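Notes follow once the structure below has been shown.
Everything quoted here is computed from the prediction, not taken from an experiment.
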Amino acid sequence: MADKITLSKNDRLAVWFRHQYLQGSWNYERMQNGGWCFSMIPAIKRLYPNKEDQIAALKRHMEFYNTHPYVSSPVIGVTLALEEDRANGAPVEDAAIQGVKVGMMGPLAGVGDPVFWFTLRPLLGALGASLAMGGSIMGPILFFVAWNVIRLAFEWYTQEFGYKLGTSITKDLSGGLMGKITEGASILGMFVIGGLVERWVSIKFTPIVSTVTQSEGAYIDWNAIAETAGSGAQGVADAIQSALSQYSSLGATGLSIDKVTTLQANLDQLIPGLAAVAVTLLCCWLLKKKVSPIAIIIGMFAVGILGHLAQIL
């Protein structure tokens with residue numbers, strides 16, 4: 001009896017590396033089939049010493065294939081397990097291999113977008129942008145390094161997960177695992193974006209609600225400071241020290257004799273960031289109604305300009 005043919009770790013690493021180029025030959029007829037077939041070549045060469053079997057395997061993997069490029073890894077892991085079984089004499093038909101690929105690529109495609117595009121990338125982008133806005137070079141470096149480390153690690157471990165479980169992974173897919181992952185990723189994404197709204201969206205209403213003249217001692221009396229300060233450099237230093245000491249005790253409200261309360265100040269006392277959240281929810285609602293993002297952006301510009309001219313914003 002011939003020894004069982006198995007894929008070594010180096011073989012699986014070679015497949016994993018080539019899988020990074022899944023969309024390298026994307027086409028309108030069979031989508032990612034060229035990149036998929038390219039990824040399978042190291043495994044095919046290991047499993048099928050005969051050239052005719054290699055050609056047949058390559059043709060088998062040139063069929064239509066399309067899914068999210070990152071969550072394609074468990075699919076290729078399961079496929080590796082099937083090809084290994086077939087090379088060792090198991091009755092695995094071409095239709096069975098293609099059926100597993102088609103059956104898995106649909107549910108996984110729906111997971112990739114909310115997990116990577118709508119959760120991980122905005123989260124890392126926001127962290128990197130926050131550092132960059134503070135003048136730190138670590139902003140873009142953090143985004144680039146963290147994104148690729150997470151992506152590459154995810155692809156390797158999910159490929160291994162699929163390879164070790166083989167066809168039994170389809171039971172997990174049908175058991176609602178993908179639905180739970182999608183729901184959890186969506187909740188996490190909404191939580192993160194919600195926390196960033198107040199920081200990234202800035203809206204200030206400028207209308208004045210009230211103007212109250214403050215009592216004596218509740219504001220910095222600049223005239224009194226000028227009268228009591230002596231002449232020369234020492235007098236200027238004393239005046240500055242007096243103004244700073246009063247400011248530390250009175251705060252920004254003590255800079256003027258009149259205390260001005262704006263509409264924005266009242267809103268901030270009620271719920272800080274209320275307007276920002278309202279505008280964000282409005283944009284989400286418009287997107288849900290299929291309104292073009294370009295139209296929303298132009299509309300926001302128009303409202304901002306008109307609001308400024310009307311002295312509202």
Side-chain angles (χ1 to χ4, degrees), residues 1-113 154-179 181:
M1 181 178 179
D3 294 335
K4 182 179 180 181
I5 305 174
T6 58
L7 293 171
S8 67
K9 186 176 182 179
N10 287 335
D11 295 328
R12 302 196 302 273
L13 279 170
V15 172
W16 166 80
F17 178 76
R18 285 173 172 245
H19 198 217
Q20 310 306 312
Y21 305 98
L22 178 65
Q23 302 198 108
S25 62
W26 194 94
N27 61 88
Y28 285 102
E29 182 182 1
R30 299 187 182 183
M31 304 294 183
Q32 299 167 333
N33 69 320
W36 174 275
C37 188
F38 175 74
S39 304
M40 291 292 298
I41 289 176
I44 291 173
K45 287 184 176 181
R46 169 69 68 177
L47 296 173
Y48 303 105
N50 186 283
K51 188 173 182 179
E52 286 72 21
D53 292 336
Q54 293 178 1
I55 294 173
L58 290 174
K59 290 181 178 180
R60 183 162 60 246
H61 291 292
M62 285 298 289
E63 296 294 330
F64 174 88
Y65 182 80
N66 187 52
T67 190
H68 191 283
Y70 300 164
V71 298
S72 173
S73 295
V75 186
I76 207 168
V78 173
T79 306
L80 291 175
L82 291 174
E83 287 288 357
E84 187 176 275
D85 289 343
R86 179 181 176 126
N88 285 285
V92 180
E93 302 293 335
D94 292 0
I97 295 176
Q98 184 63 14
V100 169
K101 289 165 56 179
V102 172
M104 291 182 66
M105 69 185 187
L108 288 171
V111 174
D113 285 345
F154 176 84
E155 292 186 44
W156 167 249
Y157 285 110
T158 53
Q159 177 183 299
E160 288 292 279
F161 176 72
Y163 173 72
K164 291 175 181 177
L165 288 183
T167 55
S168 63
I169 193 175
T170 57
K171 298 177 182 178
D172 292 332
L173 294 178
S174 61
L177 176 61
M178 293 298 102
I181 294 176

With rounding to the nearest 0.5 angstrom, report the [atom1] to [atom2] distance, [X] to [Y].
X     : Y     : atom1 : atom2 : value
Asp85 : Leu80 : CG    : CG    : 11.0 Å
Asp11 : Lys9  : CG    : NZ    : 12.5 Å
Ile97 : Glu63 : CD1   : CD    : 11.5 Å
Gln54 : Lys59 : CD    : NZ    : 13.5 Å

Next item on the list: Could you point out which residue of His19, Gln32, Gln159 forms a side chain to side chain donor-acceptor pair (under 3.5 Å) with Ser72?
Entry: His19
Residue pair [X] / [Y], side-chain heavy-atom distance below 4.5 Å:
X      : Y      : value
Ile55  : Leu58  : no
Val78  : Met104 : yes
Trp156 : Arg12  : yes
Tyr65  : Met31  : no
Met62  : Met40  : no
Val71  : Thr158 : no

Over all atoms of both residues, closest heavy-atom pair of [X] and [Y]:
X     : Y      : value
Tyr70 : Glu155 : CD2-OE2, 3.4 Å
Trp36 : Thr79  : CZ2-OG1, 3.4 Å
Ile76 : Ser39  : CD1-CB, 3.7 Å
Glu84 : Ile5   : CG-O, 3.5 Å

Margin query: Does either side chain, that of His61 or that of Gln98, offer a donor lying less than 3.5 Å from an acceptor on the other one?
Written below: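 Note: His61 and Gln98 side chains miss the donor-acceptor criterion.
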Check: So, Asn27 versus Asn33: side-chain donor-acceptor pair below 3.5 Å or not?
Finding: yes
Next item on the list: Give a yes or no on whether Phe64 atom CZ has more than 12 heavy-atom contacts from other residues, nucleotides or ligands under 6.0 Å away.
Entry: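 Counting neighbours around CZ of Phe64, more than 12 heavy atoms of other residues, nucleotides or ligands fall under 6.0 Å, so yes.
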Margin query: What I want to find out is whether Arg86 reaches Asp53 closely enough, with some N-O distance under 4.0 Å, to be called a salt bridge.
Written below: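 Result for this pair is no, no salt bridge flagged.
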Note to self: Within 45 degrees of the ring normal and closer than 6.0 Å to the centroid, is that where the cationic atom of Arg18 sits relative to Phe38?
What the structure shows: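 Yes, a cation-pi geometry.
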